Amino acid sequence: MAYVLSQRRVILGITGGIAAYKAAELARSLSKAGAQVQVVMTDAAKAFVTPLTLQALTGMPVRDSLLDPEAEAGMGHIELARWAELILIAPATADCLARLASGRGDDLLTTLVLATPAPVHLAPAMNQQMWAQASTQDNLATLTERGFVIHGPESGDQACGDVGFGRMSEPEALQRAVESALAPRALEGKSITITAGPTQEAIDPVRYLSNHSSGKMGYALAEAARDLGARVTLISGPTALPCPERVQRIKVVSAQEMLEASLAHLPSDAFIGCAAVADYRPVSPAEQKLKKGQNDLSQIKLIQNPDIIATIAQSDRRPKRVIGFAAETQDALAYGQKKLAEKGLDAILVNTVGDGQAFGADHNALHWCDAAGCVDLGRASKRVLAETLFQTLIKRTPL
Ligand code: C5P
């Protein structure tokens with residue numbers, strides 16, 4: 001993904017904490033990936049790492065003063081604030097968070113933050129006690145609410161000898177965050193509906209039929225689509241997962257509810273059926289708990305559930321793309337292709353389940369199959385596979 005940063009204009013703000021030495025590594029890797037990195041240091045930062053080091057790593061003279069006539073004559077601070085496509089402050093000290101939260105503009109870095117239209121990302125780093133302070137947490141809440149993007153901090157050993165939250169996120173993680181923030185948003189303005197998780201089909205008020213789906217794949221898809229700029233509706237059966245940020249989640253329990261919610265969200269640009277919908281439901285769930293002695297529990301009558309994705313694919317408000325999943329225990333690709341045709345889908349993601357694979361796991365292995373054939377998307381974390389899936393969708397059947 002390094003190409004994303006080619007010629008992109010990033011201000012790297014460095015404030016005065018011991019983690020400033022890691023900012024040098026970050027400056028180097030951002031530059032190496034092709035970004036134009038303008039480092040802006042506070043006076044305290046210069047006590048930890050020298051401007052000359054940063055200049056050598058980025059090839060650009062460091063800016064450190066609001067009132068430097070020479071630098072201002074080259075590119076004034078307002079111009080510099082407009083030049084930036086993204087500002088990342090790493091490390092951001094407790095004092096830096098406090099100054100940003102109160103809207104100060106008494107040095108170059110805070111002034112740039114006030115004057116920029118670009119997104120501002122912060123990587124806080126400080127002693128764990130300073131991080132835990134109510135004042136710091138209040139400032140953080142204010143900044144988050146105002147749209148600052150916060151990365152970390154991580155928990156672990158600290159330079160001061162303490163252990164706890166306050167370590168700056170690693171440079172590689174920050175680099176990835178910058179890349180993903182600057183990546184072209186290929187699904188900007190598109191609406192995507194995703195079903196996820198299992199469904200539960202009531203037998204009586206305490207029992208139900210269901211399956212082992214954790215919802216992790218569908219939730220990963222929702223996050224990946226959101227990060228590519230899509231408006232995401234996640235229709236979710238019961239799971240333990242938290243609602244992803246900036247995703248509209250509609251909670252459902254049964255297949256019937258999932259069908260109704262799915263139909264209510266038509267049309268959309270794409271519908272992705274990732275839910276493991278229970279194939280059957282009890283014909284008439286009992287109103288009271290069934291008693292072992294009094295009811296013959298071996299004779300619960302079942303009826304087939306509607307096929308949600310096939311209904312969506314045949315709807316007269318059909319989304320531009322309807323994409324399904326097929327979890328198989330054998331002959332996965334052959335069964336997958338059969339379902340592609342039978343359900344009237346544009347593509348189907350095929351995986352092999354059983355022996356701990358796919359259901360509940362954080363990793364998965366998928367094949368993408370469409371009318372033109374199958375491609376192996378490889379084995380990876382569900383989040384990475386979700387990104388690969390959308391890249392494949394964009395390449396093979398653009399929305
Ligand atoms: O037929 P099978 O359950 O293997 O098909 C899997 C695909 O169909 C998935 O995309 C799943 O979300 C969808 N499906 C559905 N409604 C059902 C059964 C499956 O939407 N009742």
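Both counts, for ligands and for their atoms, begin at 1 and track the order of listing. In this text the structure is predicted, and so the values were computed from the model without any measurement.
Side-chain atoms of Tyr208 and Arg281 include no donor-acceptor pair closer than 3.5 Å.
Formation of a donor-acceptor pair under 3.5 Å by the Arg9 side chain with backbone atoms of Gln36 is not found in this model. Thr136 places no side-chain N or O within 3.5 Å of a backbone atom of Ala132 that could act as its donor or acceptor partner.
The immediate protein surroundings of ligand 1, defined as residues with any heavy atom under 4.0 Å of it, consist of Gly273, Ala275, Val277, Pro306, Asp307, Ile308, Ile309, Gly324, Phe325, Lys339, Lys343.
At least one side-chain heavy atom of Lys343 sits less than 4.5 Å from a side-chain heavy atom of Asp307.
Residues satisfying the side-chain hydrogen bond (donor to acceptor under 3.5 Å, both in side chains) test with Asp376, not counting sequence neighbours, are none.
Ionic pairing of Asp370 and Arg396 is present here: one or more N-O contacts between side-chain nitrogen and carboxylate oxygen are shorter than 4.0 angstrom.
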